[in-house]
There are 2 protein chains.
Amino acid sequence: MEPIYDQRAQVFKALCDPRRQKILALLQGGEKCACKLIEEMGMPQSSLSYHMKVLCASGIVVGREEGKWIHYRIDPAGSRRAVELLQAITTSSCDTDNNSCCCAHL
Amino acid sequence: MEPIYDQRAQVFKALCDPRRQKILALLQGGEKCACKLIEEMGMPQSSLSYHMKVLCASGIVVGREEGKWIHYRIDPAGSRRAVELLQAITTSSCDTDNNSCCCAHL
DNA sequence: TTATTACATCGAAAAAAATGGATTTGAAAG
DNA sequence: CTTTCAAATCCATTTTTTTCGATGTAATAA
């Protein structure tokens, strides 16, 4: 498979799991330390670490190191990029109201 | 896990696989019959059928039956719903410029 | 230094997703 | 009716993802 499709898939990989959806919902309330997320998610530390890695790989979440703590938050720029990507890949050429549609001449 | 997170995850499940990304890219060119997708994807019929089921479950793709053929296309309404959902779940309360942020009083 | 704390990584097992041939369904044609 | 064709479903296997205890790493505290 072409790497472009892997890259796109990686962004949405962050969003296709209910646990990561819940983590995102928790982060909507603002920046949270990993230890706080472990507690609120009720999962072992290694499991949360795994999910945070997937979330960060998508660019939607970023971690801020502060001493031995890491504070995670939703990155508005990453969110915007994901939204724009989703728009770009789910807009059919025939949806536009310009004349770029291949069927416009038929 | 709360069912709301499963529902959200299901939408993005359609987008987290490189094969489905490629199918979406093909559908951006306009409606396509399943047999055409099988040919262009180079995968067995049962595999394509599986991926189309995932894509349709997300609401982003819809199938139109015509005799014994099924024509698949990206549904603009489904696309819009997905984009709006993504926006809603990745916007932190602290990103808004109104006073609804919990930190606004600090 | 050693001890402790917070998190990442490892590694094996479990769970879930994907594959693909075989079969079934359902519609159109003969 | 039977045949044919397109697509869904079944099912066993393979692949990928997720889990979680154990271990490693890096920073702080004593």
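Each chain gets a letter, A, B and so on, in the order the sequences are listed, and its residues count up from 1.
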Asks: State which of C:dA8, C:dA22, C:dT19 makes the closest approach to the side chain of A:Gln45.
Replies: C:dA8
Asks: Within this structure, what is the CG-to-C1' distance between B:Asp17 and C:dA17, rounded to whole angstrom?
Replies: 9 Å
Asks: Donor-acceptor pair, B:Thr91 side chain versus B:Gln87 backbone, under 3.5 Å?
Replies: yes
Asks: On DNA chain D, check which nucleotide each of B:Lys36 and A:Val54 is closest to and give me the residue with the more 5' one.
Replies: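 Of the two residues, B:Lys36 wins.
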Asks: CE of A:Met52 versus P of C:dA6: gap in Å, rounded?
Replies: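 It is 17 Å, rounded to the nearest whole Å.
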Asks: Between A:Tyr50 and A:Trp69, which has a closest nucleotide on DNA chain C that is more 5'?
Replies: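 Its nearest nucleotide lies further toward 5', so the answer is A:Trp69.
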Asks: Please answer whether the main-chain N or O of A:Leu55 pairs with a side-chain N or O of A:Ser58 as donor and acceptor at a distance below 3.5 Å.
Replies: yes
Asks: For B:Lys53 and D:dT9, is the shortest distance between a side-chain N/O and OP1 or OP2 below 4.0 Å?
Replies: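 Checking D:dT9 against B:Lys53, a side-chain N or O does come within under 4.0 Å of OP1 or OP2.
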Asks: C:dA8 C1' sits how many Å from A:Leu55 CG, rounded?
Replies: 16 Å
Asks: Take the protein atom CZ of A:Arg20 and the nucleotide atom C1' of D:dT19, then report the distance between them rounded to whole Å.
Replies: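 Answer to the nearest Å: 13 Å.
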Asks: In whole angstrom, give the distance that lies between atom OH of A:Tyr72 and atom P of C:dA6.
Replies: 14 Å
Asks: With a non-hydrogen cut-off below 4.0 angstrom, is B:Lys13 in contact with a base, only sugar-phosphate, or nothing?
Replies: sugar-phosphate
Asks: Is there a side-chain contact between A:Arg81 and A:Asp75 in this structure, where contact means two heavy atoms from C-beta onward sitting under 4.5 Å apart?
Replies: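 Touching, per the 4.5 Å side-chain cut-off.
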Asks: Using only atom types and a distance under 3.5 Å, with no angle test, would you say the side chain of B:Gln28 pairs donor to acceptor with the backbone of A:Ser93?
Replies: no
Asks: Is the phosphate of D:dT19 approached by A:His51 (side-chain N or O, under 4.0 Å from OP1 or OP2)?
Replies: yes
Asks: Donor-acceptor pair, distance only, cut-off 3.5 Å: does the side chain of B:Gln21 make one with the backbone of B:Leu15?
Replies: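 Indeed, once roles are kept as given, a pair shorter than 3.5 Å links the two residues.
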Asks: Distance check needed: C:dG20 C1' versus B:Leu48 CG, whole Å only.
Replies: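 Value for this atom pair: 13 Å.
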Asks: B:Ser46 side chain N/O closer than 4.0 Å to the phosphate oxygens (OP1, OP2) of C:dG20?
Replies: no
Asks: Identify which nucleotide among D:dA7, C:dA8, C:dG26 has an atom closest to any side-chain atom of B:Lys68, counting heavy atoms from C-beta outward.
Replies: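 From the listed options, C:dG26 comes nearest.
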Asks: Given atom CD of A:Glu65 and atom P of C:dC7, what is their separation to the nearest angstrom?
Replies: 10 Å
Asks: Would you tell me if any nitrogen or oxygen in the side chain of B:Ser49 comes within less than 4.0 Å of OP1 or OP2 on D:dA7?
Replies: no
Asks: Which whole-number value in Å describes the distance from B:Met43 CE to C:dT19 C1'?
Replies: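 Computing the B:Met43:CE to C:dT19:C1' distance gives 9 Å.
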